[in-house]
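Note that the structure is a prediction, hence the values are computed from the model and not measured.
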Amino acid sequence: GGGRMSTRAYDLVMFDLDGTLVETGPEIADATNDTLSHFGWATVTQEQVNAWIGHGTRELLLQAMAFVLQTPAEDLRHSDRFAQAEAVFIGHYQSRCGTRSHLYPQVLETLSALRQQGVFTAVITNKERRYTQTVLDAHGLMPLLDRVISGDTLPKKKPNPAGIEFCLAHFGVDASRALFVGDSSIDVQTARNAGVEVWALPYGYNMGQPIEACQPDRVIPDVSALLA
């Protein structure tokens, strides 16, 4: 025994992005419907879009197209139609980023305080890098993050634990000294796969299911609970 007690509960805190740090659903829906309308297709609802969030924006667009075109997603995935739609979507999402999204309560304050305590901070999202960067820049988050792992940074995405394992190795932090904070069953599963504790927020995008059902270690009202 013995050993100096650390004043910090964690040395590394990793966050999901959409539905955890930033409410992005409205502008993702806007960009999706901009794209569908461009091709003269039907549009989708905010509720549908929110339920499709979690596997990356590319997957979301694919689900929306499958729905409105009444075609199996797997038949569309490698089609010219999807490639064309994705090219159009890129422009719409870039121009929509920051227009109808906002930071959730206490995000800036909490990230700033964690870093003042010497805690490493990271984002691990399934959102593709080009969109992740735009959202982080729109909300001034980049200076408060030590690392960003997007859906296309590594060969595998959440719930594969590769992103968390990369951060643990990169910062030289033991899994027992790290925490993952997210809003979905994907986030809880990722943390479990990596053997790190996971706290969940109840206000994000969990495919229409209550977050309690995933049995995170804690459900917290907002990220300021990290400082308590």
Side-chain angles (χ1 to χ4, degrees), residues 3-25 50-51 53-55 101-127 132 135-136 139 141 144-151 157-228:
R4 189 177 59 82
M5 280 297 287
S6 167
T7 51
R8 299 193 295 256
Y10 301 99
D11 296 327
L12 166 64
V13 181
M14 297 160 282
F15 298 88
D16 172 55
L17 180 56
D18 301 77
T20 296
L21 297 179
V22 187
E23 191 200 1
T24 48
N50 290 355
I53 289 174
H55 297 282
S101 58
H102 62 261
L103 290 170
Y104 286 110
Q106 303 298 315
V107 167
L108 289 178
E109 298 86 342
T110 301
L111 286 173
S112 299
L114 287 171
R115 297 192 88 202
Q116 279 159 9
Q117 294 170 12
V119 177
F120 294 116
T121 59
V123 157
I124 303 177
T125 176
N126 281 345
K127 193 191 236 16
T132 298
V135 170
L136 292 173
H139 296 286
L141 288 176
L144 297 175
L145 297 167
D146 295 300
R147 198 81 203 193
V148 177
I149 308 285
S150 300
K157 301 193 296 190
K158 296 183 297 184
N160 186 287
I164 293 180
E165 288 166 353
F166 177 92
C167 288
L168 294 174
H170 178 75
F171 295 111
V173 171
D174 189 81
S176 65
R177 299 285 302 160
L179 175 68
F180 196 83
V181 180
D183 65 304
S184 75
S185 58
I186 298 171
D187 296 322
V188 174
Q189 195 55 56
T190 308
R192 295 277 177 252
N193 289 342
V196 304
E197 198 171 338
V198 58
W199 294 3
L201 296 150
Y203 50 59
Y205 309 115
N206 187 35
M207 292 142 252
Q209 303 302 308
I211 192 63
E212 289 78 6
C214 314
Q215 299 183 297
D217 295 299
R218 277 181 69 180
V219 177
I220 56 173
D222 64 61
V223 292
S224 66
L226 289 162
L227 305 175

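- The two residues Pro105 and Val223 come nearest to each other via the heavy atoms O-CG2, 3.9 Å.
- At a threshold of 4.5 Å between non-hydrogen side-chain atoms, the residues Phe171 and Met14 do not count as touching.
- Side-chain atoms of Leu201 and Ile211, non-hydrogen and from C-beta on, never get closer than 4.5 Å to each other.
- Ala9 approaches Arg177 most closely through the heavy-atom pair O-NH1, 3.3 Å.
- Shortest non-hydrogen contact noted between Pro216 and Val188 is CB-CG2, 4.1 Å.
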task = Take Val123 and Leu141, measure what side-chain contact (heavy atoms from CB on, under 4.5 Å) needs, and give me the verdict at the end.
result = CA-CA 10 Å; Val123 157; Leu141 288 176; over 6 Å; no
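- For the atom pair OG1 of Thr121 and CZ of Arg147, the computed distance is 12.0 Å after rounding to the nearest 0.5 Å.
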inquiry  = If you apply the rule side-chain contact (heavy atoms from CB on, under 4.5 Å), what do you find for Gln117 with Leu227, and how did you get there?
reply    = CA-CA 10 Å; Gln117 294 170 12; Leu227 305 175; 3.9 Å; yes
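- Heavy atoms only, all atoms of each residue included: Arg8 and Val119 are closest at CD-CG2, 3.3 Å.
- When all heavy atoms of Asn126 and Gly54 are compared, the closest pair comes out as ND2-O, 3.0 Å.
- A donor-acceptor contact closer than 3.5 angstrom is absent between the side chains of Asn193 and Thr190.
- Note: Asp183 CG to Phe15 CZ = 12.5 Å, rounded to the nearest 0.5 Å.
- For the pair Ile186/Lys157, no side-chain contact is recorded, criterion being any heavy-atom separation below 4.5 Å from C-beta on.
- Leu103 contributes atom CG, which lies 9.0 Å from atom CG of Leu111 (distance to the nearest 0.5 angstrom).
- Taking OG from Ser184 and CD from Gln209, the interatomic distance works out to 11.5 Å, rounded to the nearest 0.5 Å.
- Applying side-chain hydrogen bond (donor to acceptor under 3.5 Å, both in side chains) to Lys127 and the options Asp16, Asp18, Thr132 leaves one that passes, Asp18.
- Between Ser176 and Asp174, the shortest heavy-atom distance links the atoms OG-OD2, 2.7 Å.
- For the pair Val135/Thr125, no side-chain contact is recorded, criterion being any heavy-atom separation below 4.5 Å from C-beta on.
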From CA spacing to verdict: side-chain contact (heavy atoms from CB on, under 4.5 Å), Leu168, Val196 = CA-CA 10 Å; Leu168 294 174; Val196 304; 4.3 Å; yes
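- Note: Tyr10 and Trp199 have perpendicular aromatic rings, judged against thresholds of 30 and 60 degrees for the angle between ring planes.
- The shortest side-chain heavy-atom distance between Glu109 and Ser224 does not fall under the 4.5 Å cut-off.
- Between Phe166 and His170, the ring-plane angle classifies as parallel under the 30° and 60° cut-offs.
- With a 4.5 Å cut-off on side-chain heavy atoms, Leu17 and Leu136 count as touching.
- Each of Thr110, Asp187, Val13, Leu21 was checked for a side-chain contact (heavy atoms from CB on, under 4.5 Å) with Val181, and the lone residue meeting it is Val13.
- The distance from the NE2 atom of His102 to the OG1 atom of Thr24 is 10.0 Å, given to the nearest 0.5 Å.
- Pairs passing the side-chain hydrogen bond (donor to acceptor under 3.5 Å, both in side chains) check and including a residue from residues 210-219, sequence neighbours excluded, read Arg192-Asp217.
- Asp222 is not listed as a side-chain neighbour of Tyr104, based on a closest heavy-atom distance of 4.5 Å or more.
- With a 4.5 Å cut-off on side-chain heavy atoms, Ile164 and Cys167 do not count as touching.
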